[in-house]
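Remarks on the structure that follows.
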Protein chains: 2
Amino acid sequence: MVFRSMSEADTAPLVTWQGPVQTQWVDYNGHLRDAYYLLIFSLATDALMDRIGLDAAGRKRTGQSLFTLESHINYLHEVKVDVVVQVRTQLLGLDAKRLQVYHTLHVGDLEQVLSANEQMLLNVTMSVDLAGPGAAPFDGAVAQSLRAIMRAHQALPRPKYAGRAVALPGTRHV
Amino acid sequence: MVFRSMSEADTAPLVTWQGPVQTQWVDYNGHLRDAYYLLIFSLATDALMDRIGLDAAGRKRTGQSLFTLESHINYLHEVKVDVVVQVRTQLLGLDAKRLQVYHTLHVGDLEQVLSANEQMLLNVTMSVDLAGPGAAPFDGAVAQSLRAIMRAHQALPRPKYAGRAVALPGTRHV
């Protein structure tokens with residue numbers, strides 16, 4: 001990995017997950033199946049939740065959790081079983097109830113992006129009845145933690161695969 | 001399910017997958033985890049591949065397969081373990097090498113959409129060397145099968161969650 005000075009390190013994307021590609025995640029060709037890229041990104045979001053105080057204890061304390069509203073993935077390179085991959089996470093947006101994150105997948109600490117995933121997450125109150133979860137403002141300590149990361153990440157460039165829509169180039173939608 | 005006449009049934013989205021939400025797919029709250037919605041949609045794409053002649057025998061005959069380039073998911077409702085869900089699939093676009101599909105997830109044969117997933121798939125030649133897969137035109141029989149479905153699905157309205165990008169309303173990207 002390229003050496004980063006202290007000030008650069010402060011604004012770098014967070015390393016949120018690292019581990020090997022598991023046997024049960026690959027397809028008939030021994031490549032990571034599309035859905036399991038998203039599982040890895042989902043585990044990275046779990047790790048981000050731990051970091052901002054929405055781990056199991058924090059969810060119990062606040063009665064709140066995050067619900068994924070929307071997710072977009074670009075698949076750039078295949079990944080084989082047993083390869084150790086790393087997820088890096090940049091905050092793209094934040095308001096009172098919503099968090100927009102951008103994950104990238106890498107082999108170890110290499111720079112090449114294997115896949116990119118943008119997620120919109122909604123803060124919800126976990127209901128104890130049958131009404132289902134309802135949107136709620138972030139808990140104070142959680143919001144403070146998110147704002148600190150957001151301030152640092154505002155210095156980062158807008159990433160390449162953010163804000164994309166699926167479309168077939170050169171053809172009209174039918 | 002609402003009764004459909006023969007002519008309506010011809011143009012209806014294909015039912016590509018049906019089965020129960022499995023225990024290993026749910027999170028700490030007993031709800032289907034975000035990544036496993038995509039696994040169900042991925043299994044639906046596998047079923048579509050079987051239908052158009054890209055099952056294991058077809059992949060062997062043609063030396064070709066589909067590679068997911070890009071995927072967008074909207075999560076509309078939570079789903080609990082053991083619920084039997086169904087995926088319906090509409091073709092949105094097709095060219096010589098690419099296929100754009102739109103999946104929706106439902107409880108059984110009910111109309112309510114639990115989640116929507118748009119995928120862009122690329123036809124690739126499976127390499128036997130280390131060069132990795134390369135884009136290739138669809139095999140003749142596969143293309144014929146896809147064009148027949150595409151013709152039928154052109155009569156369907158453009159679905160609600162197609163062509164979306166992730167964005168935080170009311171805020172500027174940072």
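The chains referred to below are lettered A, B, ... by the order of the sequence lines, with proteins before strands, and numbering in each begins at 1. Please read all numbers here as calculations on a predicted model, not as lab measurements.
Within a 6.0 Å radius of CZ in B/R59, more than 12 heavy atoms belonging to other residues, nucleotides or ligands are found. Within a 6.0 Å radius of CD in B/Q22, other residues, nucleotides and ligands contribute more than 12 heavy atoms.
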Exercise. Could you walk me through whether A/T68 and B/Y75 pass the side-chain contact (heavy atoms from CB on, under 4.5 Å) check?
Worked result: CA-CA 7 Å; A/T68 312; B/Y75 300 95; 3.5 Å; yes

For this session: Go through the steps for B/R164 and A/V166 under the test side-chain contact (heavy atoms from CB on, under 4.5 Å), then give the verdict.
Result: CA-CA 7 Å; B/R164 281 184 60 101; A/V166 174; over 6 Å; no

Exercise. Checking side-chain contact (heavy atoms from CB on, under 4.5 Å) for the pair A/E70/B/H72: CA distance, chi angles, key distance, verdict?
Worked result: CA-CA 8 Å; A/E70 195 161 4; B/H72 192 99; 2.7 Å; yes

For this session: Could you check B/Y28 against A/S65 for side-chain hydrogen bond (donor to acceptor under 3.5 Å, both in side chains), going step by step and ending with a plain yes or no?
Result: CA-CA 11 Å; B/Y28 52 84; A/S65 187; 2.7 Å; yes

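Interface remark: B/N117 contributes no atoms to any contact with chain A (heavy atom separation under 4.5 Å). Contacts of A/I40 with chain B are absent, with no heavy-atom separation under 4.5 Å from either backbone or side chain. Looking at A/Y36, only its side chain comes within 4.5 Å of chain B, counting heavy atoms on both sides. When heavy atoms are compared at a cutoff of 4.5 Å, A/D27 does not approach chain B at all.
Note that CG of A/D34 is 12.0 Å distant from CZ of B/F41, once rounded to the nearest 0.5 Å. In this structure, the separation between CG on B/L39 and CG on A/L39 is 9.0 Å, given to the nearest 0.5 Å. Of the inter-residue distances, the one linking B/L168 atom CG with A/K97 atom NZ reads 12.5 Å to the nearest 0.5 angstrom.
Of the listed residues (A/H77, A/H31, A/R33, A/R98), the one with the most heavy-atom contacts under 4.5 Å to chain B is A/R33.
When hydrophobic clusters are built by joining Ile, Leu, Val, Met, Phe, Trp and Tyr residues whose side-chain heavy atoms come closer than 4.5 Å, directly or via intermediates, B/V84 is not grouped with B/V113.
Partner of B/I73 under the side chain to side chain contact (heavy atoms under 4.5 Å, CB included) criterion, out of A/L38, A/I73, A/L69: A/L38 alone.
Here the closest non-hydrogen pair linking A/A35 and B/S42 is CB-CB, 4.3 Å.
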